[in-house]
Amino acid sequence: FATGPRQNNSIFYEIRTYDIKPSKMKEFVEMVNKYFHLRTAHSELVGFWSAELGAMNKVVHVWKYENFAHRTAVRHALANDKDWQGKFISPALPLIEKQHNEVAYLVPWCQLGKPPKEGGVYEWVTFQMKPGGPALWGEAFRVAISAHINTGYTKLIGVFHTEYGLLNTVHVIWWNESPDHRAAGRHSAHEDARVVAAVRDSVRFLESQQNMLLIPLPCSPLK
């Protein structure tokens, strides 16, 4: 992961995760849908989702930046945007229990993808790998991801590894037509000898794994 295009390309992605007060989730989503155009006027939103399974009252949004200077300029502009601060930030902050952000890069062998059609669901899988970095586990991880792609039941959207946040973390985003389609595909994959072999090789380097089923919000470019 740490060699090749990544070192010649300063583009990175900020992953922001918010835990919303349970009684305020509906209100928060309505505010996002109404006012988030004020935020996307400043920088590119990749996707915005709410968690359906694997977490509750949680939203995840991903932003693309050309470099760190770009992010600094955007954050400065947002702080001085009276509409954004007054119409969204001020009323939204009391609805949020916790905020978390990470900076991540796309792995060199993965381009950011798009679903073949709208209306599906997204699976966000977080892998915490053993210390040692991609030099230790990168190739085995790539082979495991490729094995799942080759089954054809799911669409890879992106593979990100952290630069700021908990290190040796990899986030993988998949798209499926529906939760049932995903379940059937996973069942078939577990019976595929190529997938099983690739996963067995990769999990030697795995500390933990967590996933969420996400639903895109109307404002999300990835739907």
Side-chain angles (χ1 to χ4, degrees), residues 13-30 32-33 45-63 95-104 106-107 110 112-115 117-130 137 141 144-145 147-149 151 153-162 164-190 195-196 198-199 202-203 205-223:
Y13 298 83
E14 183 177 7
I15 301 168
R16 299 180 71 94
T17 305
Y18 296 170
D19 291 322
I20 310 302
K21 294 178 180 179
S23 63
K24 301 297 184 180
M25 185 65 180
K26 182 175 183 292
E27 183 180 349
F28 181 84
V29 170
E30 289 175 347
V32 169
N33 291 331
L45 175 67
V46 174
F48 199 126
W49 304 268
S50 63
E52 181 72 13
L53 297 172
M56 297 182 69
N57 304 301
K58 188 185 292 290
V59 297
V60 182
H61 39 126
V62 179
W63 298 90
L95 313 181
I96 300 172
E97 286 192 331
K98 185 170 61 176
Q99 295 175 296
H100 175 72
N101 77 333
E102 298 168 276
V103 166
L106 273 174
V107 299
C110 172
L112 193 62
K114 293 184 178 180
K117 61 182 180 180
E118 294 185 3
V121 296
Y122 291 78
E123 183 179 11
W124 184 290
V125 191
T126 299
F127 299 89
Q128 187 59 43
M129 309 302 290
K130 291 182 182 296
W137 41 257
F141 191 89
I145 294 296
H148 282 89
I149 294 172
T151 62
Y153 80 89
T154 187
K155 166 72 174 176
L156 180 66
I157 300 300
V159 181
F160 303 85
H161 66 105
T162 54
Y164 289 98
L166 188 60
L167 297 181
N168 296 295
T169 301
V170 185
H171 300 290
V172 183
I173 309 176
W174 301 94
W175 177 90
N176 289 281
E177 291 185 12
S178 69
D180 287 320
H181 185 264
R182 182 262 183 195
R186 290 279 290 175
H187 182 76
S188 298
H190 290 163
V195 174
V196 172
V199 169
S202 178
V203 295
F205 308 107
L206 182 66
E207 294 281 2
S208 65
Q209 181 178 343
Q210 183 177 5
N211 72 339
M212 296 184 291
L213 187 74
L214 303 178
I215 306 298
L217 270 61
C219 69
S220 178
L222 287 174
K223 290 186 171 61

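Just the heavy atoms: all of them, side chains too, but no hydrogens, waters or symmetry mates, feed the values below. Computed from a predicted structure; not experimentally measured. In what follows, residues are counted from 1 in the order of the sequence shown.
With sequence neighbours excluded, the residues forming a ring pair (Phe, Tyr, Trp, His ring centres under 6.0 Å) with Y13 are F160, listed by chain and number.
Proximity of Y153 to H148: side-chain heavy atoms (C-beta onward) are separated by under 4.5 Å at one or more points. You'll find the side chain of L222 stays beyond 4.5 Å of the side chain of P216, heavy atoms only. Counting heavy atoms from C-beta outward, H161 and M129 have side chains that stay 4.5 Å or more apart. Considering only heavy atoms from C-beta on, V121 stays 4.5 Å or farther from W175 through its side chain. Taking the side chain as every heavy atom from C-beta outward, K98 and T17 never approach each other to under 4.5 Å. Between H61 and V32 the shortest side-chain heavy-atom distance does not fall below 4.5 Å. Between I15 and W124, the closest side-chain pair of non-hydrogen atoms falls below 4.5 Å. By the 4.5 Å heavy-atom criterion applied to side chains, F28 and N57 are not counted as neighbours.
Considering CE of M212 and CG of L53, their distance stands at 11.0 Å, rounded to 0.5 Å. Going from atom CD of Q210 over to atom CD of Q128 covers 11.0 Å, rounded to the nearest 0.5 Å. Rounding to the nearest 0.5 Å places CG of L156 at 11.5 Å from CD of E123. The OG1 atom of T126 lies 8.5 Å from the CG atom of N211; values are rounded to the nearest 0.5 Å. Between the CG atom in L213 and the CH2 atom in W174 there is a gap of 15.0 Å [rounded to 0.5 Å]. Remark: L95 CG to K26 NZ distance equals 12.5 Å, nearest 0.5 Å.
Closest approach of A147 to A198, counting heavy atoms only: CB-CB, 3.9 Å. Of all the heavy atoms in G165 and E102, the pair that sits closest is CA-CG, 4.4 Å. The minimum heavy-atom distance between L217 and V29, with the atom names listed, is CD2-CG1, 4.1 Å. Taking both residues in full, the closest heavy atoms of V195 and T151 are given as CG2-CG2, 3.6 Å, listed atom of the first, atom of the second, then distance. Here the closest heavy-atom approach between residue M25 and residue S50 is recorded as CE-CB, 3.9 Å.
Counted within 6.0 Å of NZ on K130, heavy atoms from surrounding residues, nucleotides or ligands total more than 12; the atom is thus considered enclosed. More than 12 heavy atoms of other residues, nucleotides or ligands shown are found within 6.0 angstrom of NE2 on H190. The number of heavy atoms from other shown groups lying within 6.0 Å of CD (E207) is above 12.
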In sequence, state the C-alpha distance, the side-chain angles, and the governing distance for D19 and H100, and then conclude on side chain to side chain contact (heavy atoms under 4.5 Å, CB included).
CA-CA 9 Å; D19 291 322; H100 175 72; over 6 Å; no
Walk me through whether W137 and V170 qualify under side chain to side chain contact (heavy atoms under 4.5 Å, CB included).
CA-CA 11 Å; W137 41 257; V170 185; 3.8 Å; yes
Under the criterion side chain to side chain contact (heavy atoms under 4.5 Å, CB included), I'd like the reasoning laid out for V125 against Q209: C-alpha separation, chi angles, the key distance, then a yes or no.
CA-CA 7 Å; V125 191; Q209 181 178 343; 3.8 Å; yes
Derivation of the side chain to side chain contact (heavy atoms under 4.5 Å, CB included) call for W49 and V59
CA-CA 6 Å; W49 304 268; V59 297; over 6 Å; no
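With hydrogens and angles disregarded, a donor-acceptor distance shorter than 3.5 Å links the side chain of Y122 to the backbone of K223. Distance alone, capped at 3.5 Å, is enough to place a donor-acceptor pair between the S220 side chain and the F48 backbone.
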